[in-house]
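Just so it is clear: chains get the letters A, B, ... in the order the sequence lines come, proteins before strands, and each one is counted from 1.
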Amino acid sequence: NAGVTQTPKFQVLKTGQSMTLQCAQDMNHEYMSWYRQDPGMGLRLIHYSVGAGITDQGEVPNGYNVSRSTTEDFPLRLLSAAPSQTSVYFCASSYGGGEKLFFGSGTQLSVL
Amino acid sequence: TQLLEQSPQFLSIQEGENLTVYCNSSSVFSSLQWYRQEPGEGPVLLVTVVTGGEVKKLKRLTFQFGDARKDSSLHITAAQPGDTGLYLCRSSGTYKYIFGTGTRLKVLA
């Protein structure tokens, strides 16, 4: 049972480049979410989804897009990378928004 | 926008000491979760509290939910180096669940 799978684990981008962080879960969870964690800080919610076809903004959505075409996948797109987006990104899923969150292993992103 | 403030932000203590960390909000929670995160890993759920005044124990960890459901505390008895990590609360009031600002705990042997 893979749980929540995030790829890539590390990524370096140049300012202005775009990329997609992949997130997939095999637990049939309805709720999926993306967070960023800056050094020494807590997790800030970027976007979340309560089911296929439904997405909504979190605390810090600017510069990021998401889509949820299937229950399993919830990719995060950086439209035009900026140094301020250098962070560790976590994807998480749960049966419902208030249920236990299962996290992926994280993506360390550096934007130069 | 609901904000979850955690205090203290940092805590460094000796093995065997007791400590309490707090999670506070201006809004009422329907429920609240506590997570612990170790370096290089995602957070792991410790407990969920639902009822105002509720107390839950997990070995040496005691979690309390405020009567008004606007605050929560985590008390660790006789802290051990294995308790080192980032402690995060998470609100469950609406679908826009957010994490608190975090308390970074270091327990020295």
Side-chain angles (χ1 to χ4, degrees), chain A residues 2-7 9-10 21 23 25 27 29-51 53-62 66 68 74 87-108, chain B residues 1-12 21-25 27-51 56 58 65 69 72 84-106:
Chain A
V4 179
T5 302
Q6 264 186 258
T7 57
K9 194 161 181 63
F10 300 96
L21 278 63
C23 178
Q25 52 91 10
M27 297 173 281
H29 286 167
E30 291 296 327
Y31 184 89
M32 296 188 73
S33 50
W34 277 101
Y35 303 87
R36 60 175 289 173
Q37 186 171 35
D38 299 324
M41 306 290 287
L43 281 77
R44 291 186 291 171
L45 179 65
I46 305 172
H47 285 285
Y48 67 98
S49 169
V50 299
I54 305 169
T55 63
D56 205 348
Q57 297 181 348
E59 302 171 272
V60 288
N62 291 341
V66 292
R68 184 92 180 270
F74 191 45
S87 190
V88 178
Y89 291 83
F90 286 99
C91 177
S93 72
S94 63
Y95 286 108
E99 303 296 323
K100 174 182 177 180
L101 275 177
F102 293 80
F103 282 84
S105 56
T107 296
Q108 174 76 59
Chain B
T1 300
Q2 183 178 22
L3 182 66
L4 295 182
E5 294 280 356
Q6 289 187 242
S7 61
Q9 187 176 2
F10 300 100
L11 193 55
S12 180
V21 300
Y22 300 92
C23 175
N24 295 286
S25 172
S27 302
V28 175
F29 307 131
S30 62
S31 62
L32 187 133
Q33 298 171 326
W34 283 95
Y35 288 78
R36 179 171 64 211
Q37 183 182 24
E38 298 185 14
E41 300 181 6
V44 174
L45 179 67
L46 297 173
V47 77
T48 300
V49 286
V50 178
T51 305
K56 281 191 174 179
L58 184 65
F65 203 12
R69 306 204 324 270
S72 181
T84 293
L86 178 66
Y87 288 81
L88 296 158
C89 60
R90 178 173 179 255
S91 75
S92 306
T94 66
Y95 269 115
K96 190 172 287 188
Y97 298 95
I98 61 171
F99 280 90
T101 50
T103 293
R104 188 165 297 279
L105 171 65
K106 186 169 186 178

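Only the side chain of A:Y35 comes within contact range of chain B, judged by heavy atoms closer than 4.5 Å. For B:Q37, the part lying under 4.5 angstrom from a heavy atom of chain A is the side chain only.
Take A:E30 and apply the side chain to side chain contact (heavy atoms under 4.5 Å, CB included) test, not counting sequence neighbours, and it matches no residue.
Put simply, of B:Q9, B:R104, B:Q6, the one with the most heavy-atom pairs under 4.5 Å next to chain A is B:R104. Among A:Q108, A:Q57, A:M41, A:K100, the residue with the largest count of heavy-atom pairs under 4.5 Å with chain B is A:K100.
For residues 41-50 of chain A, the salt bridge (Lys or Arg N to Asp or Glu O under 4.0 Å) pairs, not counting sequence neighbours, are A:D38-A:R44.
Although no hydrogens or angles enter the test, the distance criterion places a donor-acceptor pair under 3.5 Å between the side chain of B:T103 and the main chain of B:P8.
Atoms CZ and OG1, from B:F65 and B:T48 in turn, are 10.0 Å apart once rounded to the nearest 0.5 Å.
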